[in-house]
Structure formats: C-alpha cells, structure tokens
Amino acid sequence: MPEGNTLHRLAREHNRDLSGRSVRVSSPHGYFAVPARRLDGRIFGRAEARGKHLFHHWQGDLIVHVHLGMFGWFYRHPGPPTEPRPTVRMRLTTPEVTHDLIGPPTWELVTPEKHGQILERLGPDPLDPRADPEQFRQALASTDAPIAHALLDQRIVSGVGNIYRAEALYLAGIHPLRKASSLTETEGELLWQTTRALMRRGVRQSSTATVAPEDLGQEERRAGDEAFYVYRRERCRRCGRKVRRFPLSGRTMYACAGCQPRRALRPSLRATPP
DNA sequence: TACATATGATCAT
DNA sequence: TGATCCTATGTAA
C-alpha cells in the first residue's frame, strides 16, 4: 500500500541491485509468462520513479510500467532465490538478489511514447529535485475542490496518498475542507515544503511514518509501529483532542479541529514541520 | 473459516 | 458515487 516515497525507494534498490546486469525474469503466477520470456536474460538499464509510477528501462528500448495500486508490493530477498509465493507475478533474479512483484493492478510493456504520455499527466513530484513548487501553487490556485481532495489528484501533485495528505495538512495547520484556491501563497509554499520533507524522510527510513522515531516515547518505539500525528489516530498527537474522520474523495480523511482551524493560523502558532 | 480493512486509480452510471 | 481490480493481515466467529 504504497505512496510515492515507496516507489522512489524501490527505484533506488532496483538500480543498486539490477542496473547493468543480465537479469533472469519469470512469472511464477503465470499471468505475465509471455512478456517475462521476452525480458528474460536482458540487461536491466535503470529504474525510474515518478509519483506512484515505476518504470524499468531494459536493453532494447523495452520499458515496463508498474503501478502498485492499493495492494501491490515488491519483496526483496538477498541470497539465492527462495521458493516463490504462488501470487508472484514477476520475479527478477540475479545471483545476489531476488525481487518479487505481488499484486500490481498495472504491469505493462510501454513504448517510449506511452512512457512520455504517462509522465505528462503527472503533476510535480515533491521527491523530484527538479520539480517546480510554483507549478503546484498555480494548480491549487485554479482548483475549487477542497485542498484535501486536490492533494490526491495526481495531476496537481504526484506521489501523495492518503497518509501524506492527512499528515501534511495537519503539520501545515490547514483545514482539509478549505478550497484549494483559497490558500495563500505562503500556505501553498508551506504545504509543498512540508509534504516534501515528510516524503523525503519516508524514502530515507523506508517507511511512511511521519513522526521521527526519536520523537517517540520508549513504549511507542518498542511497539515499532509507524507513528502519525492524526492518520488513523483516535486523538491528536499534539493537543490530545479527538481526531475527526470523514470520507473525502472516496477515502478516509483525518484532521484535528484544534490544530487545523478553518481560518488561517498565525505562522507562530503552526505546528513545527519535521 | 469468514469478514473487514488498507498507503490506489479507473471506468461506468 | 459505485463497482471493479489486486493481496495480506488481523480479528471475529
């Protein structure tokens, strides 16, 4: 159940493990048996992550496009290949490591043209160093939908999912139902910076947790769960007030009425971004 | 064993 | 808005 940080982390791992190598490709599940044979033994060029999309560039201009949807995942097994689960759709193997792909709603070979079209549809990715925050701000300015809806729109910003939308809005002190176009320039900038900081941490720590481990109590750290400020919580981590949850754009939204008032907070009263 | 639930997105209505 | 695709896990029965 990945957001953009996961895809960027996977791209890094795949580049490290597979780039420039001849890779065995198989489909234990059988569903991708034909394309797997076509790729088997080829040189793996590079992995590329954009928003929640992952591309594998193979020798000979073959490009694989993967989207993990809600349930898809890659599992990495160092060492000699283990017996695959029957649900493994695609297995990538070198002598050192195996990557198993489970349950992607999207797995397709695409042409360079199609690859370009997919990228064109995506808004700026906070994890892309070349991304332009101004593009994000302008997209918000022309959107009447609630800001919490806009954040899940991959044409406005790519890679943000249900966790980051809740947590970034919380840390920026922005009420989720405010019109996107009503955000000030400063708020738009703060929201971008906050989102980017959270997602960068997500890549670094290989987890979508938004609260840094060093900010947790001993008991919480021992439990080892991913920690959040409002997402799936009963009470706000900072003020202790009951967290409001309500459906928004088909997902559950979480917000604190105290820390995210309808009216903009004075900057000095905002929560400190991580 | 069954069911609810989940970090997503598309397509039909 | 609802149905649909995809899988694993935790809890209830």
Side-chain angles (χ1 to χ4, degrees), chain A residues 1-11 27-32 35 49-55 64-77 82-91 99-108 110 114 117-123 125-127 145-146 148-171 176 194-211 223-234 243 245-255:
Chain A
M1 295 175 253
E3 300 193 17
N5 62 307
T6 299
L7 280 300
H8 281 259
R9 158 62 62 166
L10 286 171
S27 180
H29 175 282
Y31 197 72
F32 297 133
R50 271 319 174 77
K52 298 172 193 167
H53 299 257
L54 179 69
F55 300 94
V64 171
H65 171 221
V66 176
H67 195 291
L68 297 178
M70 190 94 98
F71 315 120
W73 204 254
F74 271 98
Y75 293 94
R76 181 179 188 275
H77 306 288
T82 51
E83 186 64 25
R85 292 184 196 223
T87 50
V88 172
R89 300 280 175 134
M90 177 79 28
R91 163 167 277 199
H99 291 275
D100 282 342
L101 171 60
I102 307 277
T106 303
W107 187 103
E108 55 181 356
V110 295
K114 177 78 187 291
Q117 288 165 9
I118 295 168
L119 295 188
E120 276 172 26
R121 290 202 308 263
L122 296 175
D125 179 344
L127 290 172
H149 177 84
L151 283 181
L152 287 189
D153 185 337
Q154 302 296 302
R155 295 167 301 185
I156 294 178
V157 54
S158 60
V160 173
N162 205 31
I163 292 180
Y164 286 134
R165 83 158 165 175
E167 298 285 288
L169 284 172
Y170 171 81
L171 286 169
T194 305
T195 306
R196 191 178 59 168
L198 288 178
M199 293 179 73
R200 281 183 172 174
R201 166 183 296 161
V203 176
R204 221 169 32 239
Q205 68 193 4
S206 295
S207 141
T208 310
T210 52
V211 182
D225 293 335
E226 297 195 314
F228 305 107
Y229 292 95
V230 287
Y231 175 73
R232 301 239 298 172
R233 284 180 62 86
E234 286 301 314
V243 170
R245 53 175 80 190
F246 50 94
L248 187 57
S249 34
R251 320 292 295 282
T252 306
M253 178 65 204
Y254 306 82

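Each chain gets a letter, A, B and so on, in the order its sequence line appears, and its residues count up from 1.
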Trainee: When you look for runs of 3 or more Watson-Crick or G-U pairs in a row, both distances below 3.5 Å, which of them include DNA chain B?
Mentor: B:1-6 with C:7-12, B:8-12 with C:1-5
Trainee: Could you work out, with side chain to side chain donor-acceptor pair (under 3.5 Å) as the rule, every residue matching Arg165(A), not counting sequence neighbours?
Mentor: Asn162(A), Ser249(A)
Trainee: Sequence neighbours left out, what passes salt bridge (Lys or Arg N to Asp or Glu O under 4.0 Å) with Arg91(A)? Give chain and number order.
Mentor: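 Partners of Arg91(A) by the salt bridge (Lys or Arg N to Asp or Glu O under 4.0 Å) criterion, ordered by chain and then number, come out as Asp100(A).
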Trainee: Produce the list of close N/O pairs, under 3.5 Å, pairing protein atoms with atoms of nucleotides 9-11 of chain B; give distances to one decimal.
Mentor:
from   : atom 1 : to       : atom 2 : distance (Å)
dA9(B) : OP1    : His67(A) : NE2    : 3.4
dA9(B) : OP2    : Lys52(A) : NZ     : 3.0

Trainee: Could you check how far CE of Met70(A) sits from C1' of dA4(B), rounded to whole Å?
Mentor: 13 Å
Trainee: How far does the P atom of dT5(B) sit from the matching atom of dA13(C), given to the nearest Å?
Mentor: 13 Å
Trainee: Using the salt bridge (Lys or Arg N to Asp or Glu O under 4.0 Å) criterion, which residues pair with Arg200(A)? Sequence neighbours excluded.
Mentor: none
Trainee: Determine the Euclidean distance between corresponding P atoms of dA4(B) and dA3(C); express it in Å to zero decimal places.
Mentor: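 After rounding to an integer number of Å, I get 14 Å for this pair.
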Trainee: Identify the 5'-most and 3'-most nucleotides of DNA chain C with at least one atom closer than 4.0 Å to a non-hydrogen atom of chain A.
Mentor: dC6(C) to dA8(C)
Trainee: Could you work out, with salt bridge (Lys or Arg N to Asp or Glu O under 4.0 Å) as the rule, every residue matching Arg121(A), not counting sequence neighbours?
Mentor: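 Per chain and number, Arg121(A) pairs via salt bridge (Lys or Arg N to Asp or Glu O under 4.0 Å) with no residue.
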Trainee: Given atom CD of Glu167(A) and atom P of dT7(B), what is their separation to the nearest angstrom?
Mentor: 12 Å
Trainee: For Arg232(A), enumerate each residue passing the salt bridge (Lys or Arg N to Asp or Glu O under 4.0 Å) test, keeping only those at least two apart in sequence or located in another chain.
Mentor: none
Trainee: Once ring pair (Phe, Tyr, Trp, His ring centres under 6.0 Å) is applied, do any residues pair with Tyr231(A), and if so which ones, sequence neighbours excluded?
Mentor: Phe228(A), Tyr254(A)
Trainee: Using a 4.0 Å heavy-atom cut-off across all strands, classify Thr87(A) as base, sugar-phosphate, or nothing.
Mentor: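 Contact class for Thr87(A): sugar-phosphate only.
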Trainee: Please identify each residue that fulfils side chain to side chain contact (heavy atoms under 4.5 Å, CB included) with Ser158(A), with sequence neighbours left out.
Mentor: Leu122(A), Asp125(A), Gln154(A)
Trainee: Would one find a side-chain N or O of Tyr164(A) under 4.0 angstrom from OP1 or OP2 of dT7(B)?
Mentor: no
Trainee: Fit a plane to each ring of Tyr229(A) and Tyr170(A), take the angle between them on a 0 to 90° scale, and name the class: parallel (under 30°), tilted (30 to 60°) or perpendicular (over 60°).
Mentor: parallel
Trainee: According to side chain to side chain contact (heavy atoms under 4.5 Å, CB included), who are the partners of Glu234(A), at least two apart in sequence or on a separate chain?
Mentor: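 Per chain and number, Glu234(A) pairs via side chain to side chain contact (heavy atoms under 4.5 Å, CB included) with Lys242(A), Arg245(A).
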Trainee: Before giving the answer on side-chain contact (heavy atoms from CB on, under 4.5 Å), spell out for Tyr75(A) and Val88(A) the whole-Å C-alpha distance, their side-chain angles and the decisive distance to 0.1 Å.
Mentor: CA-CA 10 Å; Tyr75(A) 293 94; Val88(A) 172; over 6 Å; no
Trainee: Between dA6(B) atom C1' and Met1(A) atom CE, what is the distance in whole Å?
Mentor: 4 Å
Trainee: Among pairs that include at least one residue of residues 148-164 of chain A, which meet salt bridge (charged side-chain N to carboxylate O under 4.0 Å, His left out), considering only residues two or more places apart or in two chains?
Mentor: Asp153(A)-Arg155(A)
Trainee: Using a 4.0 Å heavy-atom cut-off across all strands, classify Ile102(A) as base, sugar-phosphate, or nothing.
Mentor: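 The answer is sugar-phosphate, as Ile102(A) gets under 4.0 Å only of primed atoms, P, OP1 or OP2.
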Trainee: Just call it for Arg165(A): base, sugar-phosphate, or nothing, with non-hydrogen atoms closer than 4.0 Å on any strand.
Mentor: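 No contact at all - Arg165(A) keeps every heavy atom at 4.0 Å or more from the nucleic acid.
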